Undergrad: 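The structure's right below; bear with me while I get my questions together.
Note that the structure is a prediction, hence the values are computed from the model and not measured. The chains referred to below are lettered A, B, ... by the order of the sequence lines, with proteins before strands, and numbering in each begins at 1. For the numbers below, each heavy atom of this structure counts, side chains included, while hydrogens, waters and symmetry mates do not.
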Amino acid sequence: MTPGQIYSRLYRAYGPQHWWPGDTPFEIMVGAILTQNTAWPNVERAISNLRANNALAPQRIAAVHVRRLATWLKPSGYFNIKAKRLKSFCRWLMAAGCVHALGKLDTPLLRHQLLAVHGIGPETADDILLYAFSRPVFVIDAYTRRVFERLGMIAGNEGYETLRHWFESGLAKERDKVRVFNEYHALIVRHGKDYCKVRPRCAQCCLRTVCLSAQV
DNA sequence: AACCAGGAGACAT
DNA sequence: ATGTCTCATGGT
């Protein structure tokens with residue numbers, strides 16, 4: 001069983017996921033930071049608060065006081081930390097000029113720049129690269145590790161970069177990578193939420209037979 | 001009523 | 001390099 005075949009099964013089972021939820025690249029980037037170890041519905045509440053206060057723009061977030069920003073972020077949890085992270089991200093964005101200016105950087109450089117921002121780690125950087133900048137990077141998250149560990153295809157404790165390169169290599173033709181990586185990560189999360197949780201619910205899972213044959 | 005969620009940074013070893 | 005602690009709200 002290859003990662004490509006798993007993708008086919010997931011896509012057949014769930015269909016297109018239409019990721020990332022968000023109207024603009026900037027909103028997608030904000031969501032990527034706010035969803036760190038946090039359920040998405042809580043992030044939507046926080047984003048609604050930002051929009052209601054006309055604060056869904058880098059200049060506004062950079063200008064507003066952290067204490068006030070934190071009150072808007074409250075529903076998404078870790079609000080004090082995330083207020084700082086959003087501000088440092090927006091400062092970086094403004095220093096670079098704008099989203100369009102950053103779009104001219106090549107992917108390795110842009111990734112390096114993102115990782116240098118306080119509060120942006122490997123997964124958040126790759127969320128932003130893939131879903132806001134349409135770059136061919138594969139996002140590795142807790143669900144990715146869990147699902148593929150249970151499938152017996154990885155050990156689960158590999159380093160982030162090891163797994164990222166493993167998924168990125170040979171999964172799709174060059175011009176299809178962005179579309180496939182986009183859909184694949186969304187499908188993994190969808191599948192993870194429905195069935196492959198900490199306490200799995202394998203009864204109706206579309207990968208159940210694959211998992212069972214891996215249990216040896 | 002614990003348990004968990006679309007992680008990352010600080011700090012110790 | 002690798003492991004542990006902290007951060008916090010809301011749904012199940």
Undergrad: What's the gap between C/dT2 and B/dG6 when it is taken at their P atoms, as a whole Å value?
TA: 27 Å
Undergrad: Tell me the interatomic distance from A/His191, atom NE2, to B/dA5, atom P, rounded to whole angstroms.
TA: 14 Å
Undergrad: Can you check the A/Phe89 CZ to B/dG7 C1' distance for me, whole Å?
TA: 16 Å
Undergrad: Report which part of the nucleic acid A/Asp127 touches: base, sugar-phosphate, or nothing (heavy-atom distance under 4.0 Å, all strands).
TA: nothing
Undergrad: Would you mind classifying the nucleic acid contact of A/Arg190 as base, sugar-phosphate or nothing, using non-hydrogen atoms under 4.0 angstrom?
TA: nothing
Undergrad: Looking at every heavy atom in both A/Asp141 and A/Glu123, which two are closest together, and how far apart are they?
TA: CB-OE2, 3.2 Å
Undergrad: Which residue lies toward the 5' end of DNA chain B, A/Lys197 or A/Gly119, if each is placed at its nearest nucleotide?
TA: A/Lys197
Undergrad: If the C1' atom of B/dA1 is compared with that of C/dG10, how far apart are they to the nearest Å?
TA: 14 Å
Undergrad: CZ of A/Arg199 versus C1' of B/dA1: gap in Å, rounded?
TA: 12 Å
Undergrad: Can you tabulate the close N/O pairs, meaning under 3.5 Å, that link protein atoms to atoms of nucleotides 10-12 of chain C?
TA:
from	atom 1	to	atom 2	distance (Å)
C/dG10	O4'	A/Asn42	OD1	3.2
C/dG10	O4'	A/Asn42	ND2	3.3
C/dG11	OP1	A/Arg45	NH2	2.7

Undergrad: Hey, does the side chain of A/Thr124 come within less than 4.0 Å of B/dA8's phosphate (OP1/OP2), counting only N and O?
TA: yes
Undergrad: Using atom types as modelled and distance alone, determine if a side-chain donor or acceptor of A/Lys82 lies under 3.5 Å from a backbone N or O of A/Leu34.
TA: yes
Undergrad: Return the value, rounded to whole Å, for the distance between atom NZ of A/Lys84 and atom P of B/dG7.
TA: 21 Å
Undergrad: Of the candidate nucleotides C/dC7, B/dA10, B/dA8, which contains the atom at the shortest distance from the side chain of A/Glu123?
TA: B/dA8
Undergrad: Are A/Arg145 and B/dG7 close enough that a side-chain N or O sits under 4.0 Å from OP1 or OP2?
TA: no
Undergrad: Between C/dT9, B/dC4, C/dC7, which nucleotide gets closest to the side-chain atoms of A/Phe79?
TA: C/dT9
Undergrad: Measure CG/A/Asp194 against C1'/B/dG6 and give the value in whole Å, please.
TA: 14 Å
Undergrad: Under 4.0 Å between a Lys/Arg side-chain N and an Asp/Glu carboxylate O for A/Glu149 and A/Arg146?
TA: no
Undergrad: For A/Asn54 and A/Arg60, which heavy atoms make the closest approach, and how far apart are they?
TA: O-NE, 3.1 Å
Undergrad: Toward the 5' end of DNA chain B, which comes first, A/Val189 or A/Ile120, by nearest nucleotide?
TA: A/Val189
Undergrad: May I ask you to say what A/His118 touches in the nucleic acid, namely base, sugar-phosphate or nothing, with a heavy-atom cut-off under 4.0 Å?
TA: sugar-phosphate
Undergrad: In whole angstrom, give me the gap between the C1' atoms of B/dA2 and C/dA8.
TA: 16 Å
Undergrad: Between A/Asp23 and A/Arg51, is the closest basic N to carboxylate O distance under 4.0 Å?
TA: yes
Undergrad: In terms of side-chain geometry, is the basic nitrogen of A/Asp176 or A/Arg179 positioned less than 4.0 Å from the acidic oxygen of its partner?
TA: yes
Undergrad: Does A/Tyr143 lie flat on the base of B/dG6, that is, centres under 5.5 Å apart and planes under 30° off?
TA: no
Undergrad: Could you tell me whether a side-chain N or O of A/Arg145 sits under 3.5 Å from a main-chain N or O of A/Glu158, the two making a donor and an acceptor?
TA: yes
Undergrad: Tell me the interatomic distance from A/Asp141, atom CG, to B/dC4, atom C1', rounded to whole angstroms.
TA: 14 Å
Undergrad: For A/Lys82 and B/dG7, give me the distance from atom NZ to atom P, rounded to whole Å.
TA: 9 Å
Undergrad: Please answer whether B/dG6 and A/Trp19 are stacked, defined here as ring centres separated by less than 5.5 Å and planes angled under 30°.
TA: yes
Undergrad: Take A/Phe148 and A/Phe167, measure what ring pair (Phe, Tyr, Trp, His ring centres under 6.0 Å) needs, and give me the verdict at the end.
TA: CA-CA 11 Å; A/Phe148 284 85; A/Phe167 278 99; 4.8 Å; yes
Undergrad: Classify the angle between the aromatic ring planes of A/Phe26 and A/Phe89 as parallel (below 30°), tilted (30 to 60°) or perpendicular (above 60°).
TA: parallel
Undergrad: What nucleotide, of C/dC7, B/dG6, B/dA8, holds the atom closest to the side chain of A/Thr35?
TA: B/dG6
Undergrad: Measure the distance from CD on A/Gln36 to P on B/dG7 and round it to the nearest whole Å.
TA: 8 Å
Undergrad: Just checking A/Tyr78: base, sugar-phosphate only, or nothing, at a heavy-atom cut-off of under 4.0 Å?
TA: base
